[in-house]
**Student:** 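I am attaching a structure below and will ask some questions about it afterwards.
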Amino acid sequence: VIGYDDKTKGYYFPKFMYDVNGKRIDANGDKYFTEANIKPFMDCSDTVTNRLESMDLKRFITLLFTAYGNKGLLALGFYVSSLFSHLVFEHYNFFPFLSLCGDPHAGKSFVSRLLNACLFIFTEGQAMTASNTAKGELRKISQKSSLVCALLEGRKDKSRFDYDGILPLYNRNALYSRATTSQDNRTHDLPLKAAISFVWNHECFTLKPAKERVISLHFADSDNNETTGAAWTELNSFTPEQLASVGHYLLINRKLFESELINWTKELADKLKAGGIGVTRIAENHAIALAGIALLVKSLKMTDTISIDNDLLPYAIE
């Protein structure tokens, strides 16, 4: 996989890694991480941005807020928390899904590509079509660990993916199990360690238990105007190498996020429940994304311009 490794506690990509202290280390000439004694996974189907270019993170977050409002920040918070989703799962035994749905051309795919690049992945996501094999799609999901796997424009009648069957994936059960070729009753499980987002015009979740596992953000044409358009244009000017500096910032400061994310999630879940969210699971789902953006805003000293309690919390409750 690419992403987090349980054994060494590092984050691994085809040509670079971040160790347990957040130090970035490039692979050697033989494409090998000497200090960790690990050969990286080179066959990931997504394009991974290897170089870094400087970017003003405060400016990026401000532009994202201008272009998408609170839903843009909440989506970013989901991506931040996904990078540490193994810690969230250890505490809660679940990790929510993200759904970006709404009008065509309202910016869903663009923000998905933007946020994927923030975690080094320069692709919009994985197309869910009937031309793919089911096992091929599931293996691509399994190639990521503590990263987001974005699934694009899937439809119930045109995809093999069972959208209402996502309930077991919420608790990170195996993507599928198969019998091994041995005769001793063993099976092989394909693990799920990634966070999953869905990008589509019409949300396919119909069952209440499935809906309770998803953070659903709606995009509408009516949200767009000249101001948002100008922000879109500037966001579109960022290169993948610049956007990757977001993930770089998170991982070189990983100790801060690892030490505080769960406590922030608990505190924000209590505030959501006090604000009227009666289902604990729904409150905790949204608190996970809120904690990610709240910690990022605090670490960048942006609390004067981005208010969690006055803006994002009321939005999440609504």
Side-chain angles (χ1 to χ4, degrees), residues 61-62 64-85 87-89 91-103 106-108 111-112 115 148 166-167 170 195-200 202-225 228 257 260-300 302-318:
I61 292 172
T62 300
L64 187 66
F65 181 58
T66 303
Y68 290 102
N70 290 311
K71 62 178 173 282
L73 296 183
L74 199 61
L76 175 58
F78 178 87
Y79 271 70
V80 172
S81 293
S82 73
L83 205 54
F84 309 100
S85 60
L87 298 177
V88 176
F89 183 77
H91 182 80
Y92 287 107
N93 199 38
F94 67 78
F95 195 84
F97 308 105
L98 177 68
S99 174
L100 310 179
C101 61
D103 298 335
K108 306 182 300 295
V111 78
S112 178
L115 296 177
V148 176
I166 68 168
L167 274 66
Y170 180 73
I196 299 178
S197 73
F198 299 88
V199 185
W200 43 21
H202 303 285
E203 197 167 55
C204 292
F205 301 121
T206 57
L207 300 179
K208 182 180 178 182
K211 291 180 179 181
E212 289 182 354
R213 288 159 168 78
V214 178
I215 301 168
S216 187
L217 305 178
H218 188 266
F219 292 69
D221 279 333
S222 58
D223 296 335
N224 302 327
N225 52 49
T228 60
F257 290 88
E260 296 193 25
L261 184 63
I262 299 302
N263 287 335
W264 278 68
T265 300
K266 292 178 182 177
E267 181 180 333
L268 287 163
D270 288 341
K271 289 183 178 180
L272 286 166
K273 286 184 279 189
I277 306 301
V279 181
T280 298
R281 175 189 294 154
I282 294 175
E284 290 172 341
N285 288 342
H286 289 74
I288 289 167
L290 280 170
I293 187 61
L295 264 174
L296 180 58
V297 166
K298 180 191 175 187
S299 70
L300 291 170
M302 292 184 67
T303 51
D304 289 340
T305 55
I306 304 292
S307 174
I308 303 301
D309 286 341
N310 296 330
D311 294 324
L312 272 165
L313 194 64
Y315 170 76
I317 291 171
E318 184 182 355

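These values consider heavy atoms only, across backbone and side chains, with no hydrogens, waters or symmetry-generated copies. Predicted model only: the values in this text are computed from it and were never measured.
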**Student:** Mind checking whether Phe257 and Trp264 have ring centres under 6.0 Å apart?
**Tutor:** no

**Student:** For Ile306 and Leu312, work out which heavy atoms get closest and say how close.
**Tutor:** CG2-CD1, 4.4 Å

**Student:** Give me the atom names and distance for the closest heavy-atom approach of Asp309 to Pro314.
**Tutor:** O-CD, 3.2 Å

**Student:** Sort out for me which residue in Leu100, Leu76, Leu217 forms a side chain to side chain contact (heavy atoms under 4.5 Å, CB included) with Val111.
**Tutor:** Leu100

**Student:** What distance separates His218 NE2 from Cys101 SG, expressed to the nearest 0.5 Å?
**Tutor:** 5.5 Å

**Student:** Supply the atom-to-atom distance Thr62 OG1 to Leu300 CG, rounded to the nearest 0.5 angstrom.
**Tutor:** 10.0 Å

**Student:** Between Ser216 and Glu203, which heavy-atom pair has the shortest distance, and what is it?
**Tutor:** OG-OE2, 3.0 Å

**Student:** Please list all pairs meeting side-chain hydrogen bond (donor to acceptor under 3.5 Å, both in side chains) that have one or both residues in residues 280-293, counting only residues at least two apart or in different chains.
**Tutor:** Tyr170-Asn285, Glu212-Arg281

**Student:** Where is the tightest heavy-atom contact between Ala316 and Leu272, given as atom of each residue plus distance?
**Tutor:** CB-CD2, 4.0 Å

**Student:** Would you please indicate if the ring centroids of Phe198 and Phe205 are separated by under 6.0 Å?
**Tutor:** yes

**Student:** Check the pair Phe78, Ile288 against side chain to side chain contact (heavy atoms under 4.5 Å, CB included), reporting the backbone distance first and the verdict last.
**Tutor:** CA-CA 7 Å; Phe78 178 87; Ile288 289 167; 5.8 Å; no

**Student:** Could you tell me if the side chain of Leu295 sits less than 4.5 Å from the side chain of Val80, heavy atoms only?
**Tutor:** no

**Student:** I need the Phe65 CZ to Lys71 NZ distance, nearest 0.5 Å.
**Tutor:** 10.5 Å

**Student:** When you measure from the side chain of Lys108 to the backbone N and O of Asp103, does any donor-acceptor pair fall under 3.5 Å?
**Tutor:** yes

**Student:** For Leu261 and Ser81: C-alpha separation, side-chain torsions, deciding distance, then whether side chain to side chain contact (heavy atoms under 4.5 Å, CB included) applies.
**Tutor:** CA-CA 8 Å; Leu261 184 63; Ser81 293; 3.7 Å; yes

**Student:** Distance check, rounded to the nearest 0.5 Å: His91 atom NE2 versus Asn263 atom CG?
**Tutor:** 8.5 Å

**Student:** Work out which heavy atom in Ser82 is nearest to a heavy atom in Val148; give both atom names and the distance.
**Tutor:** OG-CG2, 3.2 Å

**Student:** If I take atom CG from residue Leu98 and atom CG from residue Leu74, how far apart are they, to the nearest 0.5 angstrom?
**Tutor:** 8.0 Å

**Student:** Do the side chain of Asn70 and the main chain of Tyr315 share a donor and acceptor less than 3.5 angstrom apart?
**Tutor:** no

**Student:** Search all heavy atoms of Ala283 against all heavy atoms of Ala269 and return the closest pair with its distance.
**Tutor:** CB-O, 4.0 Å

**Student:** Return the CD1 to CE distance between Ile293 and Met302, rounded to the nearest 0.5 Å.
**Tutor:** 8.0 Å

**Student:** Do any N or O atoms from the side chain of Asn225 and from the backbone of Thr228 form a donor-acceptor pair under 3.5 angstrom?
**Tutor:** yes

